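First up is the structure itself, then whatever we jot down about it.
Please read these numbers as outputs of a predicted model, since none were measured by experiment. All chains are named by letter (A, B, ...) in the order of the sequence lines, taking the proteins before the strands, and each is independently numbered beginning at 1.
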There are 2 protein chains.
Amino acid sequence: MIAGALDTLAPPQLVRERAFEEVRDAIIAGRIAPGARLIERELCAALGISRASVREMIRRLEAERLVSVEPRKGPTVMALTRKDAAEIYEVRALLEALLIERFTAVASGDEIAHLERIFAQVRAAAATDAVSEIVALMLRFNDHLVDVVRHDVARDLLRQLNARINFLRIRAMAKPGRIAASLEEIGAILDAVRGRDGARAGALMKASVEHARDAALEQLATQDTDRPSGKRRGSAASRRPTDHQGSR
Amino acid sequence: MIAGALDTLAPPQLVRERAFEEVRDAIIAGRIAPGARLIERELCAALGISRASVREMIRRLEAERLVSVEPRKGPTVMALTRKDAAEIYEVRALLEALLIERFTAVASGDEIAHLERIFAQVRAAAATDAVSEIVALMLRFNDHLVDVVRHDVARDLLRQLNARINFLRIRAMAKPGRIAASLEEIGAILDAVRGRDGARAGALMKASVEHARDAALEQLATQDTDRPSGKRRGSAASRRPTDHQGSR
DNA sequence: TGCGCAATCTTGTCTGACAAGGAGACAAAA
DNA sequence: TTTTGTCTCCTTGTCAGACAAGATTGCGCA
């Protein structure tokens with residue numbers, strides 16, 4: 001039996017896939033500003049691919065709500081409204097609570113130890129104030145939960161939601177005191193996990209994400225204009241041209 | 001000032017949009033069998049559109065998990081595994097509980113009355129055993145909740161999840177006794193809503209969806225093969241050709 | 001019966017084309 | 001000066017056709 005000794009071969013990367021990942025990453029990292037238009041020609045030139053492939057990629061960005069497309073106007077990078085952000089955090093709270101609760105019920109000692117190892121990395125990153133590093137590690141924390149719990153649906157949904165708020169999470173985490181609060185909350189969650197108290201771990205997780213939401217909304221409060229209501233256009237970022245320089 | 005007197009015009013229906021809706025409806029209604037391959041050329045012919053449009057539509061079906069695409073093999077209609085179904089119901093339970101709880105907190109008397117009117121329609125349909133009618137009305141029940149609560153994120157996610165399990169819901173609802181049980185549960189939920197007891201309404205909703213899940217899984221238990229594991233192909237439906245006859 | 005190879009499909013990608021909707025510039029009219 | 005009409009340019013939506021390379025299938029052969 002060879003199974004286990006070899007990894008399955010990575011399927012040949014399709015042009016449209018790589019293009020999607022490239023643009024998605026640029027959007028969630030904020031390298032393309034919210035509100036910026038994505039013009040097919042420019043994408044073709046920047047990525048070196050044909051319009052057909054660009055358009056297929058855009059359909060996917062659209063379905064994942066990373067861009068919004070108005071017919072005959074083309075896609076613009078989605079600008080997160082305050083309301084969207086609040087809703088995403090709410091759903092995240094539910095899903096992550098579910099995951100940690102399940103995890104507490106089914107994880108082996110090793111798996112819990114691995115979770116704690118990730119937490120240690122988060123703390124290490126926190127010591128250096130590497131904010132986006134911290135957020136990235138917290139995503140790995142999540143990944144471990146879904147890996148263990150094997151909840152594909154929750155994983156997909158969280159991936160989608162996290163992509164939309166990634167930038168906001170980083171901004172929120174940069175708030176003074178936020179890192180320390182986060183660490184403490186996660187510590188408490190891990191205590192509950194160690195004590196195999198799933199209900200408690202779930203409740204703590206839910207509360208933790210809701211705190212994160214509050215911090216994020218405060219960040220947004222200063223300069224966000226709730227609903228992009230009808231007529232008004234050109235709110236700062238939206239007329240800036242797309243910015244591809246960051247991508248290889 | 002004219003604003004407010006007029007509604008914004010509906011955007012012109014794009015070919016790719018109509019095609020998407022057509023195929024999506026065929027899939028969720030089961031007119032195209034799970035596992036069936038969707039061949040581009042056949043879709044072009046059946047829908048009377050070009051390959052480019054077909055391919056853009058497929059990207060969206062893919063993102064919504066209605067088809068799964070393997071590179072260079074093309075899309076096949078997603079076959080719901082037992083595990084997927086269980087997970088979808090779990091997330092649905094969380095989201096719908098959230099919605100009914102919010103609804104209970106914010107709904108006006110009129111809005112509650114409208115919910116009860118929809119429930120009356122469900123009961124009417126139940127009297128005639130029109131199973132798919134019942135499920136459709138229950139979706140409208142949901143729609144009313146999200147309309148009132150205005151939770152766009154939850155609405156999107158539920159729409160996506162419901163599309164994937166629609167067919168299963170219908171099958172589960174056909175089980176003897178299931179309709180009566182459902183009606184009773186919804187009745188209890190409405191009582192809680194009327195009494196403005198959000199926590200109770202949420203808990204009842206969660207339990208109700210979980211009951212539905214159990215019924216659905218029983219339906220699936222009889223003939224489902226959990227994971228489509230690697231090599232094995234051609235499990236009954238998957239070699240059946242696509243079936244477009246139902247669509248205009 | 002089982003295997004290997006060639007013929008046939010099918011997908012992935014590119015190119016080029018064209019109609020029609022949107023946006024901005026500019027001139028004419030009130 | 002503000003409003004309206006017109007023109008031009010840009011961009012999207014859609015189509016047709018082409019071709020390489022990976023998948024399938026069926027057939028002949030052992």
Side-chain angles (χ1 to χ4, degrees), chain A residues 8-23 35-63 67-77 228 230-235 238-242 244, chain B residues 1-2 8-23 35-63 67-77 228 230-235 238-242 244:
Chain A
T8 54
L9 294 180
Q13 277 285 49
L14 304 175
V15 166
R16 63 164 188 265
E17 291 296 329
R18 283 182 316 186
F20 169 76
E21 281 160 26
E22 184 66 28
V23 176
R37 287 186 63 183
L38 296 180
I39 293 177
E40 291 176 8
R41 279 186 191 297
E42 292 177 14
L43 291 174
C44 293
L47 298 167
I49 63 180
S50 72
R51 251 186 96 203
S53 295
V54 163
R55 288 177 62 86
E56 290 188 29
M57 164 200 78
I58 289 174
R59 293 304 143 245
R60 217 174 127 187
L61 291 172
E62 185 182 9
V67 306
S68 74
V69 179
E70 271 185 289
R72 302 222 151 69
K73 288 210 224 159
T76 59
V77 176
K231 281 288 134 65
R232 193 206 46 208
R233 70 162 165 285
S235 66
S238 72
R239 92 181 21 229
R240 192 183 314 172
T242 47
H244 302 294
Chain B
M1 194 48 97
I2 304 178
T8 54
L9 294 181
Q13 277 286 48
L14 304 176
V15 166
R16 63 164 189 264
E17 291 296 329
R18 283 181 316 182
F20 169 76
E21 281 161 26
E22 184 66 28
V23 176
R37 290 186 59 183
L38 295 180
I39 293 173
E40 292 178 5
R41 210 168 35 78
E42 290 177 15
L43 291 173
C44 293
L47 298 166
I49 63 180
S50 73
R51 250 185 98 203
S53 295
V54 163
R55 288 177 62 85
E56 290 188 30
M57 164 200 79
I58 289 174
R59 294 304 143 242
R60 215 173 131 188
L61 292 172
E62 185 182 10
V67 306
S68 73
V69 178
E70 270 185 289
R72 303 222 147 66
K73 289 212 222 159
T76 57
V77 176
K231 280 288 136 63
R232 191 207 50 205
R233 71 159 167 284
S235 67
S238 72
R239 89 179 24 226
R240 194 184 313 170
T242 46
H244 302 292

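Atom CD1 of A:Ile39 and atom C1' of D:dT12 are 11 Å apart (whole Å). Straight-line distance from the CD atom of A:Glu56 to the P atom of D:dT12: 16 Å, rounded to whole Å. In this entry the distance linking CZ of A:Arg51 with P of C:dT13 reads 17 Å, nearest Å. For the pair B:Phe20 CZ and D:dG13 P, the interatomic distance rounds to 16 Å; values are reported in whole Å. Distance CZ (A:Arg60) to P (C:dG12): 13 Å, rounded to an integer number of Å. Taking atom CG of residue A:Leu47 and atom C1' of nucleotide C:dT13, one finds them 14 Å apart after rounding to whole Å. As a whole-Å value, the separation of B:Glu70 CD from C:dT10 P is 17 Å. The separation between A:Arg16 atom CZ and C:dC14 atom P is 12 Å, rounded to whole Å.
When distances are taken from the side chain of B:Arg72 to each of D:dT14, C:dC14, D:dG22, the shortest belongs to D:dG22. Here the nucleotide nearest the side chain of A:Leu14, chosen from C:dG12, D:dT14, C:dT10, is C:dG12.
Note that the CD atom of B:Glu42 and the CZ atom of B:Arg37 stand 9.0 Å from one another [nearest 0.5 Å].
The side-chain heavy atoms of A:Val69 and A:Arg59, taken from C-beta on, include a pair separated by under 4.5 Å. Side-chain contact between B:Glu70 and B:Thr76: absent, with no pair of heavy atoms (C-beta onward) separated by less than 4.5 Å. Side-chain contact between A:Val23 and A:Leu47 is present, with heavy atoms from C-beta onward closer than 4.5 Å.
Comparing B:Val15 and B:Lys73 against DNA chain D, the residue whose closest nucleotide sits nearer the 5' end is B:Val15.
For D:dG13, the OP1/OP2 oxygens have a side-chain nitrogen or oxygen of A:Arg55 closer than 4.0 Å. One finds no side-chain N or O of A:Ser53 lying less than 4.0 angstrom from the OP1 or OP2 phosphate oxygen of C:dG12.
Within the nucleic acid shown, A:Arg59 comes within 4.0 Å of sugar-phosphate atoms alone, with no base atom in reach, counting heavy atoms only.
The side chain to side chain contact (heavy atoms under 4.5 Å, CB included) test with A:Glu17 singles out one residue from A:Glu22, A:Arg60, A:Met57, and that residue is A:Arg60.
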